[in-house]
Protein chains: 2
Amino acid sequence: MARPPANVAPGQIREQIIVAALHLFTQRGYFNTSVPDMARTAQVSVGSIYHHFKDKEDVARALYLSLMEGMQAELSLIAATHATARDRCRAVIAMLFQLTESSREAMDFMLYAKHKEFLPGERPVCSSLPFETMRDFVQQGMDQGEIRRMDVMVASACLFGGALRLITARLDGVLAEPLPDRLDAVWECAWRSIAA
Amino acid sequence: MARPPANVAPGQIREQIIVAALHLFTQRGYFNTSVPDMARTAQVSVGSIYHHFKDKEDVARALYLSLMEGMQAELSLIAATHATARDRCRAVIAMLFQLTESSREAMDFMLYAKHKEFLPGERPVCSSLPFETMRDFVQQGMDQGEIRRMDVMVASACLFGGALRLITARLDGVLAEPLPDRLDAVWECAWRSIAA
DNA sequence: CTATTATGAACGAACGATCATTCGAAACAA
DNA sequence: TTGTTTCGAATGATCGTTCGTTCATAATAG
């Protein structure tokens, strides 16, 4: 059995394709991006894309799942390094803000792409594992008495809604300043809205 | 110049096409909807669509602008019938919640379609007139001392972010109960977060 | 070692399907 | 009649996908 050529790292082509797809999908959208576009940007051939992925949709799915996995890893890290709901939720917002600045395209695609239009099988972002984990943080904070008793969905929406809205504004170019500059102000409002 | 046929009201065909487009765009998305699809759903011919609209994009634009106009009218009404920022903003959220229940597809298309992918000319929703009006409400509330002094964008995001997040959840089917049932709870959190 | 064969990654022209759009004719109103 | 609206088959362009081929490398034989 022949091994892949030694002059390129294994999985590197896949990575090139996924990175190119992320760039094009966020810039022009999934449906405005052709497979030849992806091949050109990734500097590989069309055939190579179909060698590594089942079809165009499969590229988008691999990208989406990979981003979701990364996000979930960040949340697990936060859960492991912070004890209270307050600390955890603040860390979540700080992380989201930083990620938006450092990986703007990833955040854009993960949070605001209309996945159901090109990934019919996947569940809506709202009910993805990361968002469920964030609601868990809130639920536990309510159980511990840190957060007022109320519907978990309402509490989560109010706690994270402001931050997510600001991320949208930033991604749309409506907010000029880096998000971390607004962390303290947003957090004060967010926590005040649901704190016991 | 011939007047339109007497057996159909003037502008009715246009309306049929726009309604069909709204239905299909929210159900499958703009790019998964073909012009023949629109013709079939609107019960008109393909040629008729091109008689009333320049092209497919023009249908989407007419739909979008019409929805935006309706939203702005609602906001103007609120501005005229409520004096304080507190009353105005609460009325805005109540209106958004009601509209989501009564015109789910309209809200979905207006707030969460990726317009820039098929309406390259239009500005992002964030910087549309309705959203600017909502920020104006907040700014005036800050000038009047009702709302704590802070960045207007941050305050607006925190005040409306929770409600908008809940609307997303509702549209995604993650929230089972009608939004108006949650109005009091959401409003208490929202106002608490920025009230002076 | 060298020569030969086997493997599968990479390629891109070509294919078939689908789409937005056009246009000439028919239908209808005035 | 004349001008407008409606129709849907035809057009041309574009897209996702396929597939025969090339070629570098690994495995094997001598």
Side-chain angles (χ1 to χ4, degrees), chain A residues 1-25 27-64 113 115 117-121, chain B residues 1-25 27-64 113 115 117-121:
Chain A
M1 192 156 41
R3 286 202 267 119
N7 57 338
V8 292
Q12 200 206 310
I13 300 275
R14 255 186 89 96
E15 194 59 23
Q16 282 177 25
I17 295 169
I18 285 189
V19 168
L22 172 59
H23 182 67
L24 291 169
F25 290 171
Q27 194 107 342
R28 325 178 185 175
Y30 177 84
F31 292 101
N32 288 320
T33 300
S34 72
V35 178
D37 282 341
M38 293 161 58
R40 199 174 316 114
T41 304
Q43 306 203 70
V44 302
S45 69
V46 170
S48 196
I49 291 180
Y50 280 88
H51 178 76
H52 289 276
F53 299 93
K54 190 175 140 289
D55 50 23
K56 183 183 174 184
E57 186 180 310
D58 195 38
V59 179
R61 174 169 296 110
L63 170 57
Y64 180 63
H115 307 106
E117 289 181 11
F118 51 91
L119 296 177
Chain B
M1 189 158 38
R3 286 203 268 121
N7 58 336
V8 294
Q12 200 206 310
I13 299 274
R14 255 187 89 96
E15 194 60 21
Q16 282 178 25
I17 296 169
I18 286 189
V19 168
L22 172 59
H23 181 66
L24 291 168
F25 291 172
Q27 194 106 340
R28 325 178 186 176
Y30 177 85
F31 292 101
N32 289 320
T33 299
S34 72
V35 178
D37 282 341
M38 295 161 59
R40 200 174 315 115
T41 303
Q43 306 206 64
V44 301
S45 68
V46 170
S48 198
I49 291 180
Y50 279 89
H51 177 76
H52 290 277
F53 299 94
K54 192 173 135 292
D55 51 23
K56 183 184 174 184
E57 185 180 311
D58 195 38
V59 179
R61 176 170 293 110
L63 169 58
Y64 180 64
H115 308 106
E117 289 181 11
F118 51 90
L119 295 177

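Every heavy atom of this structure was used, including side-chain atoms; hydrogens, water molecules and symmetry mates were not. Proteins come first, then strands; the chains are lettered A, B, ... in the order of their sequence lines, and each starts at number 1.
- Here dC15(D) presents its C1' atom at 13 Å from CG of Asp55(A), a figure rounded to the nearest Å.
- The two residues Ala21(A) and Leu63(A) make their nearest non-hydrogen contact at C-CD2, 4.3 Å.
- One atom, CZ of Arg40(B), and another, P of dT18(C), lie 13 Å apart when rounded to the nearest Å.
- Formation of a donor-acceptor pair under 3.5 Å by the Asp37(B) side chain with backbone atoms of Thr33(B) is not found in this model.
- Here dC11(C) presents its C1' atom at 15 Å from CD of Gln43(A), a figure rounded to the nearest Å.
- Rounded to an integer number of Å, the gap from Ile49(B) CD1 to dG8(D) C1' is 12 Å.
- Taking side-chain N and O atoms only, Ser45(B) has a distance below 4.0 Å to OP1 or OP2 of dC7(D).
- Considering only heavy atoms from C-beta on, Glu57(B) comes within 4.5 Å of Pro120(B) through its side chain.
- Atom CG in Asp58(A) sits about 10 Å away from atom P in dT17(D), given to the nearest Å.
- Regarding contacts with the backbone of dA10(C), a side-chain N or O of His52(A) is found under 4.0 angstrom from either OP1 or OP2.
- If you take CE of Met38(B) and P of dG8(D), they are 16 Å apart, rounded to a whole angstrom.
- In this structure, CZ of Arg28(A) is placed 10 Å from P of dC15(D), rounded to the nearest angstrom.
- Picking from dT6(D), dA10(C), dA20(C) the nucleotide with the shortest atom distance to the side chain of Val35(B) gives dA20(C).
- Phe118(B) and Tyr30(B) have parallel rings, their planes meeting at less than 30° on a 0 to 90° scale where 60° marks the start of perpendicular.
- Distance OH (Tyr50(B)) to P (dA9(D)): 16 Å, rounded to an integer number of Å.
- For Val46(B), whose side chain is taken as the heavy atoms from C-beta onward, the closest listed nucleotide among dG16(D), dT22(C), dC7(D) is dT22(C).
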